[in-house]
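Worksheet for the structure shown next.
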Amino acid sequence: METFGRIVREHWEPWQDRLPLHFCSLMTLVCFIALWFRTPWACAVAYFGVLTASVQGLITPMLHDGFPSAAFFAFFVGHGLLLISALYLPAVLQWRARPWDDMRALGLCDAYLVLIIPVNIWLDTNYGFTRYAPAGTVLEYFGSAPWYLLTLQIPALVLLRLLYLTVRVRKK
């Protein structure tokens with residue numbers, strides 16, 4: 001819906017910027033797989049990926065159009081549904097993380113970043129924010145691109161471990 005809104009609005013962007021290659025677009029697909037098929041890897045990636053990275057979009061949104069545009073609502077509805085989906089897994093479906101699911105999720109998210117770097121260079125885009133930090137985001141506090149992707153690994157590890165403690169399988 002957001003991609004369609006970006007195509008039809010008056011603020012035209014190059015076609016390269018309209019591809020569904022953002023991390024949150026990937027998380028939408030992973031959340032669908034997790035909710036529909038309930039596969040353990042998808043549940044883990046959806047939960048940990050959304051709560052550590054995608055939720056940043058709600059906190060520091062990158063919007064070309066403000067309230068009350070369709071793009072504004074599409075952005076917040078899309079990111080809000082990601083958050084609801086991630087929380088629905090443990091709260092309603094009773095999904096529980098296996099040992100080291102948080103680290104495997106981080107590895108898959110890091111793989112996305114490694115794979116998207118050459119795409120960004122080829123298309124002259126900034127998917128996954130591997131080329132520069134958008135103004136007003138938390139990335140600005142972790143150094144220059146792409147080095148902040150390495151610097152972020154430490155707080156990501158801490159946050160993922162804390163999130164893991166809330167959804168781990170408890171011993172009886």
Side-chain angles (χ1 to χ4, degrees), residues 1-34 42 44-86 102-163:
M1 188 166 110
E2 182 182 356
T3 301
F4 177 74
R6 293 171 77 183
I7 292 170
V8 299
R9 70 173 182 235
E10 290 181 23
H11 176 76
W12 289 97
E13 300 170 278
W15 66 268
Q16 295 94 329
D17 292 328
R18 292 193 305 261
L19 299 173
L21 297 176
H22 285 289
F23 183 78
C24 293
S25 299
L26 176 64
M27 285 298 102
T28 301
L29 177 62
V30 171
C31 283
F32 171 79
I33 293 168
V45 173
Y47 180 78
F48 294 115
V50 168
L51 292 182
T52 56
S54 295
V55 78
Q56 292 300 317
L58 286 170
I59 297 168
T60 57
M62 280 187 22
L63 297 169
H64 294 288
D65 300 324
F67 181 82
S69 70
F72 176 91
F73 288 110
F75 180 88
F76 282 101
V77 167
H79 284 78
L81 287 174
L82 284 176
L83 179 60
I84 291 167
S85 298
D102 53 339
M103 296 302 112
R104 283 189 282 275
L106 178 62
L108 288 171
C109 293
D110 286 345
Y112 159 80
L113 293 171
V114 168
L115 292 172
I116 206 69
I117 287 171
V119 173
N120 281 333
I121 293 168
W122 178 48
L123 296 176
D124 192 29
T125 53
N126 193 32
Y127 295 112
F129 309 125
T130 62
R131 297 184 76 194
Y132 59 89
T137 64
V138 70
L139 297 176
E140 292 181 310
Y141 300 102
F142 289 95
S144 61
W147 303 112
Y148 58 68
L149 299 173
L150 293 174
T151 309
L152 279 171
Q153 297 299 307
I154 302 302
L157 288 169
V158 172
L159 183 56
L160 285 166
R161 267 288 102 166
L162 291 173
L163 287 170

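We're numbering straight along the sequence, starting at 1.
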> Sub-3.5 Å donor-acceptor pair from the side chain of Tyr127 to the main-chain atoms of Leu19, do we have one?
Replying inline: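 Confirmed, Tyr127 side chain pairs with Leu19 backbone.
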
> Does Tyr132 use its side chain to pair, donor to acceptor, with the backbone of Asn126 at less than 3.5 Å?
Replying inline: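 Flag not set: sc Tyr132 to bb Asn126 has no pair under 3.5 Å.
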
May I ask you to test the [X]-[Y] pair for a side-chain heavy-atom distance under 4.5 Å?
X: Leu83; Y: Leu51; result: yes
X: Met103; Y: Arg161; result: yes
X: Phe72; Y: Pro61; result: no
X: Thr52; Y: Leu160; result: yes

State, to 0.1 Å, how close [X] and [Y] come at their nearest heavy-atom pair, and which atoms those are.
X: Pro146; Y: Thr130; result: CB-O, 3.6 Å
X: Ala86; Y: Ala46; result: CB-O, 3.8 Å
X: Tyr148; Y: Phe142; result: CB-O, 3.2 Å
X: Phe48; Y: Ala105; result: CB-CB, 3.9 Å
X: Ala133; Y: Leu139; result: CB-CB, 3.6 Å
X: Phe23; Y: Gly49; result: CE2-O, 3.7 Å

> Passes side chain to side chain contact (heavy atoms under 4.5 Å, CB included), Leu157 versus Leu106? Steps please.
Replying inline: CA-CA 8 Å; Leu157 288 169; Leu106 178 62; 3.4 Å; yes

Between [atom1] of [X] and [atom2] of [Y], what distance do you get to the nearest 0.5 Å?
X: His22; Y: Ser54; atom1: NE2; atom2: OG; value: 11.5 Å
X: Thr60; Y: Glu140; atom1: OG1; atom2: CD; value: 9.0 Å
X: Asn120; Y: Leu115; atom1: CG; atom2: CG; value: 11.5 Å
X: Met27; Y: His79; atom1: CE; atom2: NE2; value: 11.5 Å

>> Set out, in order, the CA-CA distance, both residues' side-chain angles and the distance that settles side chain to side chain contact (heavy atoms under 4.5 Å, CB included) for Val45 and Val50, then state yes or no.
In response: CA-CA 8 Å; Val45 173; Val50 168; over 6 Å; no

> Run the side chain to side chain contact (heavy atoms under 4.5 Å, CB included) check on Asp124 and Arg131 step by step: do they pass?
Replying inline: CA-CA 9 Å; Asp124 192 29; Arg131 297 184 76 194; 2.8 Å; yes

> What's the verdict on side chain to side chain contact (heavy atoms under 4.5 Å, CB included) for Leu81 and Val77, showing C-alpha distance, side-chain angles and the deciding distance?
Replying inline: CA-CA 6 Å; Leu81 287 174; Val77 167; 3.9 Å; yes

